[in-house]
Amino acid sequence: MGRPKKATPAVEKAPNHLLGSFDFLPEQNLSWEVFLEKLTSLAHTFGYSKIDTPVFEDARLFSFWSQDQDRLLGLQDAKGLAIAAKPTNIFSLVRTFLENHFSERERVSKWYYCTPVAFISGNQIRQTSEFGFHIFGSAAPIADAQMINLLIKLFSEIGLAGLSLEINNIGCIECQPGYQDQLKNYFKDRKYDLCENCLEHLENNRPLLILACTNLSCSTASTDAPVSLDFVCEACRRQFIGVLEGLDELSLTYNLNQKVIGKSWSRRTVFELRFRVALAEVTLGNGGHSDDLVQSLGGAPTASLGFSGTVNTILSALELAQVKFTNKNPVDVFLVPLGDLAAKKTLRLFTELWNHQIIASEFIGPGSIKTQLKLAESNKVSIALIIGQKEAREGTVILRDVRSGMQELFTVERIIEEVKKRLGK
Ligand SMILES: [Zn+2]
Ligand SMILES: [Zn+2]
């Protein structure tokens, strides 16, 4: 045998991940998996079905998506059609609702999802996973209350309790323009207190956006701004009161918050769920109605209500709450093979244990008997199965009680029964 050949590097150093994208390492994925498991189980309990939509869509679908400086991550396909990564899932939900004629299939469609989204913000491509719930076809205010009920249950099950629910009503297509006029008149007299962005909002007839500005001067200027509930129409008021009564019925507390204004396609009731520890706060996601969206994309008028959040906000909140999850598949026995032949024999033993619902540790990593036994002890595993060269040849296994250090020799045929007995399985 000659010297092993050295591979020629394709690049001098592998480039790091791009800013705006993320690696989720095993410990983060464990939290995310626990969250998704709870989400799936609660979604089914509350009557939601899973929906998946593609990462890319015809870019025309996103013409309502305008987030100030953010742009679509787009390209042209071979036929010259502009396609884009979905910046958020709601437009794809509406598209599939229309394309698959869900309004004819069922009275109410209740969906949940978890899907990648991407867009360009400044000079960075941002990519994340968005999760959410959506209901098409139910205008009943109890739908809002019940969705909030589900969300609060979901977050409290992963250790995010004591959330603050910030809720507002921003009016509908009929009454919102009147409210925006009131705001415009109000902010006109306070022009000099507004930041550059807010001045632009004022000029572009979008004074509602000023209410959400976090700039201190804009916030102060908004203090006495007209309250939406004084200007929304009777239907919007009734809908909002219905939601609040539903929340009262569920004993869920809320804060009426004028600064919560939803997205540009939001209508009527909008809300946010926030998690706070001392001065730090994470908004877990936002929800509300988007009742004109189906019609805006060519469908019949359809009530539309949803909530969405991202993996990043959930992980930040769990970090803030110092919630850590441990792997819930505890190992029953530790396998300690010594040498190549023993390692080979362990393959079969692992499978036989598995067939009897006994979970054995992974055994393909290197390590001396001492380090492996230490590992077993630190993992609180009471049984180690040791196979040395001699045992491998003779078809036997040494069973070691990790705590006492007592060892006994068994044949491979008998070892399963003995382990089962000791584990009480
Ligand atoms: Zn209205
Ligand atoms: Zn501002």
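In each ligand, atom 1 is the first atom listed, and ligand 1 is the first ligand listed. Side chains are part of it too, since the values below use all heavy atoms of this structure and drop only hydrogens, waters and symmetry mates. The chain is numbered in sequence order, starting from 1.
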Exercise for review: State, yes or no, whether a side-chain contact exists between L165 and I148 at a heavy-atom distance under 4.5 Å.
Suggested key: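 In contact.
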Review point. So, the side chain of D193 versus the backbone of A221: is there a donor-acceptor pair under 3.5 Å, distance only?
Key: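 Side chain of D193 to backbone of A221: no pair is present.
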Review point. Does Y186 reach the main-chain N or O of D224 with its side chain, forming a donor-acceptor pair under 3.5 Å?
Key: yes
**Study point:** Check ion pair E57-K86 (N to O, under 4.0 angstrom)
**Key:** no
Review point. Should the pair D77-K79 be classified as a salt bridge under the 4.0 Å nitrogen-to-oxygen rule?
Key: no
**Study point:** Result of checking I90, V94, D291 against W265 for side-chain contact (heavy atoms from CB on, under 4.5 Å)
**Key:** I90
Check your understanding: Leaving waters out, which protein N, O or S atoms fall under 2.8 Å from the Zn ion (ligand 2)?
Key ->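 Atoms qualifying: C195 SG, C198 SG, C213 SG, C218 SG.
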Check your understanding: Strictly by modelled atom types, are E130 and T88 linked by a side-chain donor-acceptor pair under 3.5 Å?
Key -> yes
Check your understanding: Strictly by modelled atom types, are T96 and N100 linked by a side-chain donor-acceptor pair under 3.5 Å?
Key ->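 Present: a donor and an acceptor within the cut-off.
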Point to revise | Neighbour count above 12 (heavy atom, 6.0 Å) for L423 CG | key: yes
Exercise for review: Using 2.8 Å as the cut-off, count the protein N, O or S atoms closer than that to the Zn ion (ligand 1).
Suggested key: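 Number of qualifying protein atoms: 4.
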